[in-house]
Protein chains: 2
Amino acid sequence: MAEKDKIDKKEHLVEVAERVFGELGYEGASTRLLAQEAGVNMAMLNYYFGSKDGLLKAVVERRILLMRKGFEEIAQKDASCWEKLDQVVQLYVSRVATSKYFHKILFREISVMRTGSEVTEFVIDHIYGNTLHVQQIIEEGIKKGEFRAVDVEMTVASIFGTVNYLINSRRLASKMLKMDLLDDQVLQNDMKPRLQAYLQDSLKTHLLIK
Amino acid sequence: MAEKDKIDKKEHLVEVAERVFGELGYEGASTRLLAQEAGVNMAMLNYYFGSKDGLLKAVVERRILLMRKGFEEIAQKDASCWEKLDQVVQLYVSRVATSKYFHKILFREISVMRTGSEVTEFVIDHIYGNTLHVQQIIEEGIKKGEFRAVDVEMTVASIFGTVNYLINSRRLASKMLKMDLLDDQVLQNDMKPRLQAYLQDSLKTHLLIK
DNA sequence: CAAAGTTAATCAATCGATTGATTAATTAAC
DNA sequence: GTTAATTAATCAATCGATTGATTAACTTTG
């Protein structure tokens with residue numbers, strides 16, 4: 001009972017922090033606000049995570065662990081490279097669309113040059129690992145003659161960049177796409193399938209031999 | 001002399017602030033550091049720009065004014081839609097590659113939900129204007145039968161997203177592309193033409209009727 | 001089982017440091 | 001000599017972090 005409450009409270013703080021960090025940025029989110037939003041005493045933040053940076057680390061690690069697997073599994077499937085690539089892209093879009101705050105945090109973390117935070121290294125390694133999976137699928141497709149000999153790394157950057165751009169700048173993207181992406185319903189039901197369809201078409205014409 | 005010194009000093013502060021804001025983010029860059037890096041007294045910041053937010057606004061407005069024109073000029077040229085699109089993309093990549101700090105600021109500004117800063121609205125309107133130019137060129141190409149009937153807004157988001165991703169996360173991008181993008185020489189001589197060539201190829205296969 | 005001992009969780013209060021901003025006094029310019 | 005530019009000093013507010021005290025829960029002992 002008490003044990004469960006403790007865990008729930010700590011976990012709850014991490015969940016809330018993901019949203020607050022995502023909305024306000026690392027420096028913009030004060031420890032007081034983080035604690036207040038989670039309904040816990042300020043001191044608990046340091047008691048649980050040692051520091052504000054420790055809390056950010058917890059946020060990032062939690063979500064990254066939840067996301068491990070998936071990419072590897074698809075990569076090892078016995079399917080055509082196109083099928084594998086398509087599945088990976090669909091999965092990536094789904095994930096980003098359902099954990100938007102987290103991906104804002106990720107991109108801000110690798111964008112800002114915060115002096116020597118270990119979180120940054122951790123994030124870069126994680127994302128790089130993800131890009132590598134996609135890269136290898138495309139390279140395999142090229143070697144097998146299934147794909148055109150494109151610039152693989154750029155193609156990967158394009159996939160990640162497109163998704164990132166639309167999700168992390170939702171006010172701008174709302175204007176561009178003429179739909180309210182701040183509304184989760186719209187994001188899930190309208191924008192997500194549209195983005196998936198676009199990437200599918202785009203990659204198909206770009207990669208597949210005609 | 002004094003008039004000139006004053007202007008130079010003010011202008012210098014804006015230039016330095018662009019770099020510091022770009023490196024550390026808005027909240028991460030303190031007014032003291034901003035003033036110190038520019039070699040001026042901190043009070044001058046408020047004297048010149050009224051507030052920290054005013055300085056950010058000055059940074060953004062200055063660069064945006066420098067960037068006005070260019071897109072419009074190309075859009076009004078008497079050329080094929082493909083030629084116009086190609087030129088716009090080349091120009092965009094060039095600009096982003098030569099003002100990397102600024103584009104970090106732009107994207108962070110539209111990514112973070114800072115409560116009601118007028119700078120945010122300004123930035124969104126500016127970027128949206130840029131995307132509209134590209135969008136109209138593509139739409140014209142489709143209407144003329146020069147391009148395939150693709151998802152125009154998504155195509156535009158893909159162009160901007162790809163460039164943004166590579167420039168704003170240069171540590172990650174350096175790993176992906178296996179080149180040191182923190183080195184301006186490499187960025188200009190290796191990465192920039194490679195990105196331009198990729199976008200050209202990608203858009204060509206995606207848009208042009210075969 | 002019950003009293004004593006032990007640990008983890010939580011709190012209000014406060015720490016020194018830093019934040020953005022402002023003041024009053026001084027200097028430079030025309 | 002008056003206006004504009006610049007400075008050091010200082011402001012209240014807030015920052016992240018820590019303190020000592022208190023509570024709750026579990027363990028040990030007899």
Side-chain angles (χ1 to χ4, degrees), chain A residues 1-18 20-60 105 108-109 112 114-120, chain B residues 1-18 20-60 105 108-109 112 114-120:
Chain A
M1 181 91 70
E3 182 71 11
K4 187 162 176 300
D5 275 0
K6 165 199 152 193
I7 294 182
D8 283 355
K9 217 163 182 176
K10 191 175 174 182
E11 170 67 16
H12 180 60
L13 180 51
V14 177
E15 275 175 21
V16 170
E18 180 175 317
V20 178
F21 277 138
E23 286 176 343
L24 303 177
Y26 180 78
E27 332 270 350
S30 74
T31 53
R32 277 170 184 78
L33 179 64
L34 287 163
Q36 181 186 324
E37 291 278 303
V40 303
N41 189 282
M42 268 198 61
M44 299 312 294
L45 193 155
N46 295 86
Y47 180 72
Y48 287 144
F49 307 101
S51 67
K52 184 185 180 183
D53 197 65
L55 174 56
L56 176 66
K57 193 177 169 189
V59 169
V60 169
I105 295 173
R108 205 172 305 128
E109 194 61 23
V112 177
R114 288 208 296 124
T115 44
S117 166
E118 55 174 325
V119 183
T120 306
Chain B
M1 184 88 72
E3 183 69 12
K4 187 163 176 298
D5 274 3
K6 166 198 151 192
I7 293 180
D8 282 355
K9 217 163 179 176
K10 193 174 172 181
E11 169 67 16
H12 180 61
L13 180 51
V14 177
E15 275 176 21
V16 170
E18 179 175 318
V20 178
F21 277 139
E23 286 176 344
L24 303 177
Y26 179 77
E27 332 270 349
S30 73
T31 52
R32 277 168 185 78
L33 180 64
L34 287 162
Q36 181 186 324
E37 291 278 302
V40 304
N41 189 285
M42 332 180 7
M44 299 310 293
L45 193 154
N46 295 85
Y47 182 71
Y48 288 143
F49 307 102
S51 67
K52 184 185 180 182
D53 198 65
L55 174 56
L56 175 66
K57 192 177 169 189
V59 168
V60 169
I105 294 173
R108 205 171 305 127
E109 194 61 23
V112 177
R114 287 206 298 124
T115 45
S117 167
E118 54 175 326
V119 183
T120 307

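Protein chains get the first letters and strands the later ones, always in sequence-line order, with residue 1 at the start of each.
- The shortest heavy-atom contact between B:Glu23 and A:Val112 is O-CG1, 3.4 Å.
- Residues passing the side chain to side chain donor-acceptor pair (under 3.5 Å) test with A:Lys57 are A:Glu118, sequence neighbours excluded.
- Taking atom CG on B:Leu24 and atom P on C:dT19, their separation rounds to 11 Å, with Å as the unit.
- Not counting sequence neighbours, the partners of A:Glu37 by the side chain to side chain donor-acceptor pair (under 3.5 Å) test are A:Arg19.
- One interatomic measurement links the two molecules: CD of A:Gln36 to P of C:dA12, which rounds to 13 Å at whole-angstrom precision.
- Rounded to a whole Å, the CG atom of B:Asp53 is 15 Å from the C1' atom of C:dT19.
- For B:Tyr47, a side-chain nitrogen or oxygen approaches OP1 or OP2 of D:dA5 to under 4.0 Å.
- Nucleotide C:dT19 holds its C1' atom 16 Å from the CG atom of B:Leu55, rounded to whole Å.
- The shortest side-chain heavy-atom distance between A:Tyr26 and A:Lys52 falls under the 4.5 Å cut-off.
- Atom pair A:Met44:CE and D:dT19:C1' shows a separation of 15 Å (rounding to whole Å applied).
- Every residue meeting the side chain to side chain contact (heavy atoms under 4.5 Å, CB included) condition with A:Ala38, not counting sequence neighbours, appears here in chain and number order: A:His12, A:Leu13, A:Val16, A:Val40.
- For A:Ala29, the side chain to side chain contact (heavy atoms under 4.5 Å, CB included) partners two or more places apart in sequence, or in a different chain, are A:Val20, A:Phe21, A:Leu24, A:Leu34.
- At the heavy-atom level, A:Ala35 lies nowhere under 4.0 Å from the strands shown.
- Taking only side-chain nitrogens and oxygens, A:Tyr48 comes nearer than 4.0 Å to OP1 or OP2 of C:dT10.
- Picking from D:dT7, C:dG20, C:dT22 the nucleotide with the shortest atom distance to the side chain of B:Asn46 gives C:dT22.
- For the pair A:Lys10 and A:Tyr47, the cation-pi test (distance below 6.0 Å, angle within 45°) is failed.
- Atom CG of A:Leu45 and atom C1' of C:dA9 are 15 Å apart (whole Å).
- Considering only side-chain N and O atoms, B:Lys9 lies under 4.0 angstrom from the phosphate OP1 or OP2 of D:dT6.
- As rounded to whole Å, 16 Å separates atom P of C:dT22 from atom CZ of B:Phe49.
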Could you pull out the protein-nucleic contacts involving nucleotides 13-18 of chain C (nitrogen or oxygen on both sides, under 3.5 Å)?
none

